[in-house]
Amino acid sequence: MITKSIKHIFAVALIGCGTAALTSCDLDKEYDASLSEEKVFNNSEETRGFLANIYTNLPDGFAPLTDDQFTGASRDCITDNAVTSWGLHYYTKVASDGYTSADHPLLGQWNVDLYGIRKCNQFIKNAKSSVVGNSSATGDDNRLFDRYMAEAKLLRAIFHFDLICWFGAAPIITDVFEADDDMNISRTPAPQALEWVMGQCDEIINSGALPFHYQNQAANWGRVSSAVAYALKCRAALYRASALNNPSNDNAPWAAAAAAARAFINANDVAGQPYKLYNTGNPGDDVYRETVVNPVQNPELILARSVWNTNQIEKVFLPVGFTGSFSGAGRTNPTQNFVDCFEMANGMTIDEAGSGYDEQHPFDNRDPRLAQLVFYHGMTWGRADDSEQRKLDMSSNEGAPGVDYNSSMGGTYTGYYLKKWVNNISCKQGEIYPHGWPVFRYTEILLNAAEAINEAEGPTAAYQYINQIRQRAGMPDFAGLSKEQLRDRIRNERRIELAFEDHRMWDLRRWKAYEGVTLANEATKPRYQQLLNLYGVKITGTDVQAAPTFTYGPAETVNTRVFNSPKNYLFPIPNNEVKRAPNLGQNPGW
């Protein structure tokens, strides 16, 4: 289960991170895996390189996109937010509960996290102050050994947290297993494991070994800081308070989650370079710019996994009508469920009386974020300088479908494509762009604060946090809502702001949102409230650009989800691991 070989650990980590088609930052490239432990930890540069390599195990939503056949789509295709047009994708079968613990294709994170944990423990056990140096100094290298040890401990806590997300109860591993050790270990229940993660964050913060901000942000971009420790505790506390890990809905965990969010915000307020929402004052562009135009060193990113310099991301998501030396595959199709969750510009839901919503002009007067996250029919896109700019045509007239409706290698099942992450690439030139996968960003801190404070204390104290996000988006403030009403609105804001960042599948699970839900009993709800029935739109008409007809109904081909409770709240422990270490046990239903 856990090998002693450094070289093998490194190789498996690279396989798990899927680096084949992408180029990443220097944090990922500094370790000579052929060296022995003795040579590594008796050399300051190799020690630094070993620590840098641990970062390759961080969660990364871009890495799966390198696999065009099986995982080349957003993981939100496991949720109600999207479907994928490519029939071979694993996500469709995962979302229909079509695998067992023996053949499930998405369990690699078990090994990626455990190898990350082992590397952290190796570093903590073997790194030497006498080699690294630990003298007081000005700048980021002050007491360098202490900083390195705190980095390793924080990365270890992140890997444990990720295990809990996927598998619930998790083994807490704080030492290196040797060949003669008993590796038939047990798992700690998820609530207690989350509390352990929170405690690790407290130790790191209180040690003062990590700066809240690095003075040289460019040189240390992607490196964990005490701000990351605050952010991890904030997220772990929220998960601990949520229904999956707090079934009796005790208020104490919610109060702890509220305190954790406020602790980040208070520390941030006095930081020299505080994190803040990416906000140029243009609500029609800032959300897009935050993830695409300026995806790396912007003030909202607390921790990003890597810089991928690639056009693979554009290829995977771009509508199929954009072709040339570089062509879009359109593999992720946002659902009508997702599109409908965007309010009108006046702040009313589309099904609310007096909202002004017109289903034959569905994109008029909507929340500005919709046009920044989703490609829809009639939107202007493409590079004017290469004569590629035009209106998108997702029409499906029989015998004469629009250029963006389908292709031999892709298309849309819903009438939509994913715009988030997609640079306005020239298909004639096929340029390369930088992409940074957000592990933590400031928007989430505000969302966490709003959710936890609303649950612990009620709406009045929560409004200030959620309304900062609303104001950046150019949307009206929330006011005058009950706790239950604000809960729904916060969850919807979270769905929009963190869309396609691998949050939705965990949020729905931690909320236990699937309890009591069936295909039949949710069918009378508004589409944006349905989790299992998936919808799209058909665009037809004699003039589909000037006067299209929109007909709403089930998404093509992939139009339902299956969720079996309690089984699907967790992923299975890999079957071979349970055979090797029976004390791990298996998750319910698997």
Side-chain angles (χ1 to χ4, degrees), residues 74-83 95 283-284 287-288 291 332-353 355-359 361-377 379 412-420 443-444 447 450-451 466-467 469-470 472-476 478 481 484-509 511 513-514 517 522-537 550 552-555 559-561:
S74 168
R75 283 196 186 123
D76 272 27
C77 291
I78 300 173
T79 77
D80 54 335
N81 276 357
V83 299
V287 170
Y288 177 75
T291 54
T332 297
N333 310 151
T335 58
Q336 193 68 48
N337 311 50
F338 179 67
V339 171
D340 283 0
C341 85
F342 291 82
E343 300 166 358
M344 301 299 290
N346 59 20
M348 301 175 76
T349 60
I350 64 169
D351 57 319
E352 207 170 338
S355 70
Y357 176 69
D358 178 356
E359 67 176 15
H361 299 88
F363 313 122
D364 293 351
N365 302 315
R366 297 293 291 276
D367 180 333
R369 291 172 291 187
L370 174 57
Q372 298 176 67
L373 299 178
V374 176
F375 286 120
Y376 53 71
H377 181 81
M379 174 184 285
T412 179
Y413 284 164
T414 63
Y416 304 102
Y417 294 100
L418 179 61
K419 184 177 179 182
K420 190 170 186 174
T443 301
E444 184 200 345
L447 288 163
E451 181 177 348
I466 196 67
N467 284 339
I469 296 169
R470 301 276 291 177
R472 192 261 297 265
M475 293 295 290
F478 289 136
L481 301 177
E484 292 72 23
Q485 289 170 328
L486 185 57
R487 176 189 297 143
D488 289 342
R489 303 319 305 147
I490 290 169
R491 290 183 178 186
N492 198 67
E493 285 294 303
R494 191 174 181 94
R495 182 180 191 179
I496 291 169
E497 286 283 340
L498 302 181
F500 304 98
E501 294 183 28
D502 287 357
H503 283 272
R504 182 68 173 170
M505 62 182 180
W506 304 136
D507 283 341
L508 290 174
R509 285 166 169 79
W511 294 327
Y514 295 98
V517 175
E522 74 166 6
T524 57
K525 296 179 180 179
R527 287 184 292 257
Y528 63 86
Q529 292 180 0
Q530 296 188 46
L531 301 176
L532 303 179
N533 293 293
L534 306 179
Y535 298 92
V537 64
F550 293 87
Y552 303 89
N559 51 44
T560 59
R561 295 279 185 247

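Keep in mind that this is a model prediction, so the values were computed, not measured. All residue numbers refer to positions in the sequence shown, counting from 1.
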Quick check: do [X] and [Y] have side-chain heavy atoms less than 4.5 Å from each other?
{"X": "Asn467", "Y": "Phe478", "result": "yes"}
{"X": "Glu451", "Y": "Trp511", "result": "yes"}
{"X": "Glu343", "Y": "Arg489", "result": "yes"}
{"X": "Lys420", "Y": "Gln372", "result": "no"}
{"X": "Lys419", "Y": "Met379", "result": "yes"}
{"X": "Leu370", "Y": "Val339", "result": "yes"}
{"X": "Leu447", "Y": "Glu493", "result": "yes"}
{"X": "Leu373", "Y": "Val287", "result": "yes"}

Mark yes or no for whether [X], through its side chain, and [Y], through its backbone, hold a donor-acceptor pair below 3.5 Å.
{"X": "Arg470", "Y": "Ile466", "result": "no"}
{"X": "Ser74", "Y": "Phe500", "result": "no"}
{"X": "Thr335", "Y": "Phe338", "result": "yes"}
{"X": "Tyr552", "Y": "Glu359", "result": "yes"}
{"X": "Arg509", "Y": "Met505", "result": "yes"}
{"X": "Asn337", "Y": "Leu531", "result": "no"}
{"X": "Asp364", "Y": "Asp358", "result": "no"}
{"X": "Glu497", "Y": "Thr443", "result": "no"}

field: salt_bridge(Arg527, Asp351) N-O dist < 4.0 Å
entry: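 Here Arg527 does not pair with Asp351 in a salt bridge, since their nearest N and O are not under 4.0 Å apart.
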What pair of heavy atoms forms the shortest contact from [X] to [Y], and how long is it?
{"X": "Ala499", "Y": "Arg495", "result": "CB-O, 3.1 Å"}
{"X": "Asn346", "Y": "Ser355", "result": "ND2-O, 3.0 Å"}
{"X": "Ala95", "Y": "Cys77", "result": "CB-O, 4.4 Å"}
{"X": "Pro368", "Y": "Ala473", "result": "CG-O, 3.4 Å"}
{"X": "Arg504", "Y": "Asn81", "result": "CG-ND2, 3.7 Å"}
{"X": "Tyr535", "Y": "Thr414", "result": "O-CG2, 4.0 Å"}

field: Face-on cation placement of Arg369 at Phe342 ring, 6.0 Å and 45° thresholds
entry: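 Verdict for Phe342: no cation-pi partner in Arg369.
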How long is the span from the [atom1] atom in [X] to the [atom2] atom in [Y], to the nearest 0.5 Å?
{"X": "Asn492", "Y": "Thr349", "atom1": "CG", "atom2": "OG1", "value": "9.0 Å"}
{"X": "Leu534", "Y": "Gln336", "atom1": "CG", "atom2": "CD", "value": "11.5 Å"}
{"X": "His503", "Y": "Arg75", "atom1": "NE2", "atom2": "CZ", "value": "12.0 Å"}
{"X": "Lys525", "Y": "Asn533", "atom1": "NZ", "atom2": "CG", "value": "10.5 Å"}
{"X": "Gln529", "Y": "Asp80", "atom1": "CD", "atom2": "CG", "value": "11.0 Å"}

message: Using side chain to side chain contact (heavy atoms under 4.5 Å, CB included), reason through Val517 and Leu532 one step at a time and then give a plain yes or no.
response: CA-CA 8 Å; Val517 175; Leu532 303 179; 3.9 Å; yes
- request: Please state whether the rings of Phe363 and Tyr376 are parallel, tilted or perpendicular, taking 30° and 60° as the class boundaries.
  value: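 Phe363 and Tyr376: parallel rings.
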- prompt: Is it the case that Glu352 and Tyr357 place a side-chain donor and acceptor less than 3.5 Å from each other?
  reply: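 Distance-only check fails for Glu352 and Tyr357.
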- prompt: Pick one: which of Asn333, Asn559, Thr412 meets side-chain contact (heavy atoms from CB on, under 4.5 Å) with Val83?
  reply: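 It is Asn333; the other options fail the test.
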